[in-house]
Amino acid sequence: FNFITLFPLNKFFRFEIGTGFNYVERIIDKDLYLPIDRIDYFINLPIYFANVFDRSNDFYYIGIKDGERTYLGFEFGFLPEIYLKYIFDARKYFRITPRSNFAFRFLIAGKNGGERILPFWLGGPNTLRGYDLFEFVHSYIFLSSFELRVPFLDNLKLSFPLPLSISNIRGVLFIDSGFGCEKIEEMKKFKKKILGDYGYGLRWNLGYFNLKLDFAYKFQKKFFGKPIVWLTFGRDF
């Protein structure tokens, strides 16, 4: 669990300071076809500090229309090892029509020290959607996502077999790209390691959360191969 305190300086800018207590259990399996090598247990006590700038216009049913958000955060820990994590996450939104927009995200993150501390990963519904969950695990990662968000279905009423009304379903077209490495010097070679995907999806606002359905394809010679399908809950970036 974590404790975060917010210190707003004005309408758009704030500081965040916090700490946490995490109990971590890792199963270390060097070979998938052999018995488990060992189980590692430890307690992690991180300290958080972040600068947040948020000048976005967020509407409940539509999501963010325009504006920008930036997050620069640091995580320092001394148990079980001394380590430092840092994340820079920038997001920009461009309004096209009253209910359509472009959304762009740029993220870079790194970790120094702490071999037992969890690194960063790529793959899954919130990173590279065309790859399996946690497919790539690295100490340094880069990620960018571009989305076109448009209205898809405003209102649909069914009478048979049960009365049902479906409304406010939005559509999204997206492109993701990213890469990871173990040493910061290797980031210069990103052109050889960069991965990408593209796809489409639907968003259904259910009141307290969104139901998200995505169909993602890897960039490859065959334009449309077999998609990876993600069904998740939550809000878009």
Side-chain angles (χ1 to χ4, degrees), residues 6 8-14 50-73 87-109 122-131 142-159 163-178 194-220 223-225 227-237:
L6 309 182
L9 299 183
N10 53 47
K11 184 178 179 180
F12 305 114
F13 188 81
R14 71 177 183 268
N51 298 319
V52 180
F53 177 78
D54 188 348
R55 198 172 61 176
S56 60
N57 295 314
D58 196 343
F59 290 81
Y60 181 69
Y61 287 104
I62 298 176
I64 299 175
K65 279 189 173 183
D66 53 24
E68 54 272 338
R69 290 179 174 179
T70 59
Y71 173 92
L72 177 61
I87 299 175
F88 176 71
D89 190 343
R91 308 173 183 190
K92 179 65 178 178
Y93 309 90
F94 301 92
R95 187 187 307 190
I96 307 173
T97 70
R99 297 196 298 160
S100 304
N101 69 341
F102 289 113
F104 177 77
R105 181 188 187 190
F106 172 88
L107 180 145
I108 186 168
L122 293 171
N126 296 316
T127 58
L128 293 176
R129 284 167 273 197
Y131 294 82
F142 159 83
L143 173 71
S144 68
S145 295
F146 178 81
E147 292 189 356
L148 170 62
R149 301 170 180 173
V150 296
F152 182 76
L153 179 63
D154 286 330
N155 193 13
L156 175 64
K157 291 186 178 181
L158 302 176
S159 300
L164 179 65
S165 179
I166 301 174
S167 60
N168 196 37
I169 295 181
R170 298 178 57 79
V172 58
L173 300 175
F174 60 84
I175 297 176
D176 304 317
S177 62
I194 196 163
L195 304 167
D197 62 63
Y198 60 95
Y200 54 91
L202 297 174
R203 305 291 184 264
W204 186 16
N205 187 287
L206 299 177
Y208 294 101
F209 51 82
N210 287 340
L211 179 64
K212 302 164 60 176
L213 177 63
D214 288 321
F215 298 85
Y217 302 83
K218 298 177 183 178
F219 277 118
Q220 52 191 2
F223 190 70
F224 279 104
I228 292 183
V229 182
W230 299 103
L231 182 63
T232 58
F233 296 99
R235 304 198 69 190
D236 291 314
F237 68 82

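When reading the values below, keep in mind they use all heavy atoms of this one structure, side chains included, and skip hydrogens, waters and symmetry mates. Computed from a prediction, not measured in an experiment: that's the story for all the values here.
- Inter-residue side-chain proximity for Ile175 and Phe219 is flagged as met; some heavy-atom pair is nearer than 4.5 Å.
- Aromatic ring orientation, Phe146 versus Phe104: tilted (interplanar angle from 30° to 60°).
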Could you walk me through whether Leu107 and Phe88 satisfy the side chain to side chain contact (heavy atoms under 4.5 Å, CB included) test, starting with their C-alpha distance in whole Å, then the side-chain angles of each, then the deciding distance to 0.1 Å, before giving a yes or no? CA-CA 6 Å; Leu107 180 145; Phe88 176 71; over 6 Å; no
Working note: Phe106 + Ile108, criterion side chain to side chain contact (heavy atoms under 4.5 Å, CB included); need CA distance, chi angles, decisive distance, verdict. CA-CA 7 Å; Phe106 172 88; Ile108 186 168; 4.2 Å; yes
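- Scanning both residues, Gly201 and Asp214, for their nearest heavy atoms gives CA-OD1, 3.6 Å.
- When every heavy atom of Leu128 is checked against every heavy atom of Ser177, the shortest pair comes out as CD2-C, 3.7 Å.
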Walk me through whether Phe152 and Val172 qualify under side chain to side chain contact (heavy atoms under 4.5 Å, CB included). CA-CA 9 Å; Phe152 182 76; Val172 58; over 6 Å; no
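- Residues satisfying the ring-ring contact (aromatic ring centres under 6.0 Å, His included) test with Phe174, not counting sequence neighbours, are none.
- Considering only heavy atoms from C-beta on, Phe142 stays 4.5 Å or farther from Leu122 through its side chain.
- Ring orientation note: the planes of Phe12 and Phe53 are tilted relative to one another, at an angle of 30° to 60°.
- Atom CG of Asn51 and atom CG of Leu9 lie 8.5 Å apart (nearest 0.5 Å).
- In this structure, NZ on Lys11 lies 10.5 Å from CZ on Arg55, to the nearest 0.5 angstrom.
- Considering only heavy atoms from C-beta on, Arg69 stays 4.5 Å or farther from Phe237 through its side chain.
- For the pair Arg105 and Tyr71, the cation-pi test (distance below 6.0 Å, angle within 45°) is failed.
- Taking both residues in full, the closest heavy atoms of Gly123 and Thr127 are given as N-OG1, 2.7 Å, listed atom of the first, atom of the second, then distance.
- You'll find the side chain of Ile96 reaches within 4.5 Å of the side chain of Leu148, heavy atoms only.
- Taken to the nearest 0.5 Å, the CD atom of Glu68 stands 8.5 Å off from the CZ atom of Phe94.
- When side chains are defined from C-beta on, Asn57 does not count as touching Tyr93, because their heavy atoms never get closer than 4.5 Å.
- A side chain to side chain donor-acceptor pair (under 3.5 Å) with Arg235 is found for exactly one of Asp58, Asn210, Asn205, namely Asp58.
- The nearest pair of heavy atoms linking Gly234 to Lys212 is O-CD, 3.2 Å.
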Worked verdict on Asp197 versus Arg129 for salt bridge (Lys or Arg N to Asp or Glu O under 4.0 Å): CA-CA 7 Å; Asp197 62 63; Arg129 284 167 273 197; 5.0 Å; no
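- The pair Arg170-Asp236 does not meet the salt-bridge criterion, since no charged nitrogen lies less than 4.0 angstrom from a carboxylate oxygen.
- One finds the CZ atom of Arg149 at 11.5 Å from the CG atom of Leu173 (value rounded to the nearest 0.5 Å).
- With respect to Asp89 and Arg91, a salt bridge is recorded, a charged nitrogen being found less than 4.0 Å from a carboxylate O.
- Here the side chain of Lys65 pairs no donor or acceptor atom with the backbone of Asn101 at under 3.5 angstrom.
- Using a 4.0 Å cut-off between a side-chain N of Lys or Arg and a carboxylate O of Asp or Glu, Lys218 and Asp176 do not qualify as a salt bridge.
- Shown here for Gly171 and Leu202, the closest heavy-atom pair between the two residues is CA-CD2, 4.3 Å.
- For the residue pair Asn155/Ser167, the side-chain donor-acceptor check at 3.5 Å is not satisfied.
- The minimum heavy-atom distance between Ala90 and Thr70, with the atom names listed, is CB-CG2, 4.1 Å.
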